[in-house]
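Just so it is clear, the structure is predicted and the values come from calculations on it, not from any experiment. The sequence lines fix the lettering, A, B, ..., with proteins before strands; numbering per chain opens at 1.
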Amino acid sequence: MNLSRGNWAAIALTVAGAVLLSALNWSGRNFSAAAVGSMLVIGLTLGSIYAVSAFGLVVVYTTTGVFNFAQGALGMYWAFLYWELRFNRGWPAPIATIAVVLVIAPIGGVVLDRLIMRRMQSTPLVLQLMSTVGLMLGIMGLAATQWRVDRGRNSQPFFGRTGGFEIFSVNVTWHRLTTICVAIALALFLRLFLHSTRSGVAMRAVVDDRSLTSLTGVNPARISGLAWALGSSLAAIAGILIAPESGMVVELLTLVVIDAFAAAAVGRLASLPLTFLGAMILGVGQQFIRSFLDFPDGFSNADRALPTILLFVVVLALPQARVRAMGAIAATSSRTRQAMRLSDAALGGMALIVTVTAWSGGLIPFVGSWTGTGINRGVTMMITAIIMLSLVPLTGWAGQVNFAPLAFAGFGAVMFLKLAGDTGQAWGLVAAALLTAPIGVLIALPAVRLKGLYLALATMAFARGFELLFFTQPGVINPDSGERIAALHFMGWQLDGRSRGFLIFLTVVFAIGVIGLIALEHSRFGRRWMAINDSEAAAAMAGINLNETKVVVFAFSAAIAGFGGALFSIQQGTLNPSQFSLLLGLPIVLLVVVGGVAYPAAALFGGVSTIAFIVIKDRLGWTWLSALEILGPGAMAVALVARPRGAVFDIGRSLSPLLPWRDVPRQPRRSGRVIDQTYEIGDLGLTTPFTEEAMIDLDRQLDIADIIRPAVAPDAAAGDS
Amino acid sequence: MALLEASSITVKFGGITALDDVAISVDAGEVTGLIGPNGAGKTTFFNVLTGMQDIAAGTVVLDGSDITALNVHQRARRGVARTFQRLETFGHLNALENVLVAAEMRQRWDRTGSGPASEARRCLDRVGLLAIADRQVANLPTGTARLVELARALAIRPRLLLLDEPSSGLSEVETHALSELLRGLAGEGLAVLLVEHDMSFVMGLCSQINVFTFGKNLAVGTPSEIRANPAVQASYLGSGHGEAQ
């Protein structure tokens, strides 16, 4: 790889920064050969595990173009399965290993590929990312359901915990030696496999041009299945090797392997040797921090935050992506837009306010009034919905993925606490929103110049970094200080965070937010944001500055989330760093996307779903629902591959004919479905199979009346009025 | 001096030289053609002119000022507009909104004119699509969407209009109307450069035609000179009637 001068400068700066930080935080612990040796052994072991996991990411990404956020969760799940077979059922280690790594994991990978991943390859990036993040949460939920946390589990290392040999007075356990050897062997194996075998070369070719590869007689479907099988096996190896070192905890195991993202990013998601290097830097660096550095209070997570920091540095060092024309299929394969009218939004907002007011006051017969818990859940629902609104312009219109809305919300909450926490003055809400906007700029600035995937990774790294390094600062959130946030002081009212008045206030705020967004959607800002999503090339040719536009929409989105966070702080009364973790933020992102993130109404859908999972779990109390709050959003996000337009689109289309003032009923659907894809005639048979459905779509594009092909599809004739 | 002077443009994709020291000049008030077999580098050349492609060597000069270092949107502001070989439309927006996005940018730069909404309607009317202003573009047939692209390009009030196969997807009648429209635009002082495979369209419309082959300049001249050029006949025209569309 050629490194530009900028790259070298970035590397030099990073190294200098690392040296400086190390010098400033030197613990003074004995820097002996034994201490360094033992640091290296543990660090290289850890690095090896990162490497194996990152290899899985790279293999799947280069072959299928899908970045698998669920890689970590897969590794965790296979590690639990291995534990089940090896220690719970007492299978011998070799048999359990072979069963998981060589049989079950590859089959699982192929099944995932067949059922989910293959449908995703032509979907927009937003949906791809959401589906794999959904898969990650779904697998976590599944594991937490199957292996409940009510009992402790321990996975033992291979060859026992104590054995091993001494080298330079450092004890190397057999398990650690195995780990390092496995990583090196896998690196060599993958290199050989991808460059010297027919299947491997085909795998590398597929991502360049799917259609051309199929012309050479290689079946791309088989190749993507192979990649997923391999990726899943690699996840299993990483998971089984790390489990004895990290402990059998669902979140911990998943996040450990998430750290491998940074290693894969060092290799630009393509180069195996650089990925290996990145993994080793990570592992040794983390162990170096643990062994020799002492950070002040609030920075005690520095070792765990290292991957996040590395990921951010790598993203900064990547070169600007060129504006590229993507062609007709990518530009128009997305959903049909049903813009809501401003009058409908206003009416819906009023209906929502009336409903919430009446219901919470017990004015609706038979359903009863809300108790304290009910009011509080309503408040949570509305605040969640307001935070979700922040993703409508950003992700729904501009197509920029953001996994950090809860970090923004947390920042807003902290700002409210600092500015108006003691008095509860309402201007504090606005101030918190305005102060959060620059944080949005901070995260967007380095990443908007890159491909969408890197932006998504950067937001994830940012959320994790904030969780580990910012919210933990005693000066930021100090749960022991007894600081309490006062009730909201608004136009003479005192609205306690768990009162009915606050709930109604939130509902009004949400309704105003929805109406405002609908108005914005029809403004030049909304148009510009949707334009960069549909075609960056055309938007740039129309004179739009892509980077500036993305930064603006990020700032706007962050402000909305910060506003929601300030409201959250009023509900909670006290803040706690754990309220704003990356993992808690993911269901928020997923549920609003499931709702159909281009529509503000999706935020309400998301808020209702969030509460619905809690209520269902609470009411039914069945043990297999114990992880529903992550299993549910995860499963729903995976289902996005089947319903990419989102729930509110389908709900809206079914319900809108019922509205009495809609004198024109819904558009007749000409063959029972909208055109999903635009075909170029020349593509048929190459990239797109020559099916009857494709022909019908093509006819429709060419405006050939369905009448002349009545025999093709019966429903085509029936649906056409 | 021509409005656009691109000289010694060289583009490399890894080890392959996609464009090798090519040059082209386009005059204001004329329609200039760019033809060549598939893989000749025509679309790559458009990418160079618009700032979407890094170059290994060469300069692009627009109206006397060097724009080689400018990025895409800066060139748009200077008056470089383009349409794409494969559609690049704002599929979620309707036809009028597609054009409005561009008109609003021109309004933002110049703060002159009659307001972006009426400007956008004028551009849409120019390509004959005012009747379908509120149709979502993702659902339009390819040929029609291509005209939306053209209207969007006009809405930034360009000085140089780059059209990548504008007639593909259009019927014979529509192609004729497009010819008339482009002639009219050139008459107003616009420089039009178009890549086309429809030979009768190019030959009837262009005053100058450039021929590329394998990333190199092969010939340049009037339609009759190009038709008579033995090198062009051998490499391109002679191989049947152009290429399949």
Heavy-atom closest contact ([X] atom, [Y] atom, distance):
| X | Y | result |
| --- | --- | --- |
| Ala540(A) | Ala76(B) | O-CB, 3.9 Å |
| Ala542(A) | Ala102(B) | CB-CB, 3.9 Å |
| Gly91(B) | Asp534(A) | N-OD2, 3.0 Å |
| Ala538(A) | Glu88(B) | CB-O, 3.4 Å |

What's the separation between atom [atom1] in [X] and atom [atom2] in [Y], rounded to the nearest 0.5 Å?
| X | Y | atom1 | atom2 | value |
| --- | --- | --- | --- | --- |
| Arg524(A) | Gln107(B) | CZ | CD | 9.0 Å |
| Asn545(A) | Arg77(B) | CG | CZ | 10.5 Å |
| Asn98(B) | Ser535(A) | CG | OG | 9.5 Å |
| Leu93(B) | Arg528(A) | CG | CZ | 12.5 Å |

Any chance NE2 of His176(B) has more than 12 other-residue heavy atoms, nucleotides or ligands included, within less than 6.0 Å? no
Considering residues, nucleotides and ligands other than Glu172(B), do more than 12 of their heavy atoms fall under 6.0 Å from its CD? no
If you check every heavy atom in residues 118-134 of chain B against those of chain A, which residues fall under 4.5 Å? none
Option in Asp54(B), Thr144(B), Thr43(B), Thr83(B) with maximal non-hydrogen atom pairs under 4.5 Å from chain A: Asp54(B)
Under 4.5 Å between any side-chain heavy atoms of Met105(B) and Ile544(A), yes or no? yes
With a 4.5 angstrom heavy-atom cut-off, is it the side chain or the backbone of Glu149(B) that approaches chain A, or both, or neither? neither
What part of Arg106(B) gets closer than 4.5 Å to chain A, counting heavy atoms only: side chain, backbone, both or neither? neither
Could I get the full list of ring-ring contact (aromatic ring centres under 6.0 Å, His included) partners for Phe45(B), not counting sequence neighbours? Phe212(B)
Passes side-chain contact (heavy atoms from CB on, under 4.5 Å), Met541(A) versus Met52(B)? Steps please. CA-CA 10 Å; Met541(A) 280 316 302; Met52(B) 294 184 184; 3.6 Å; yes
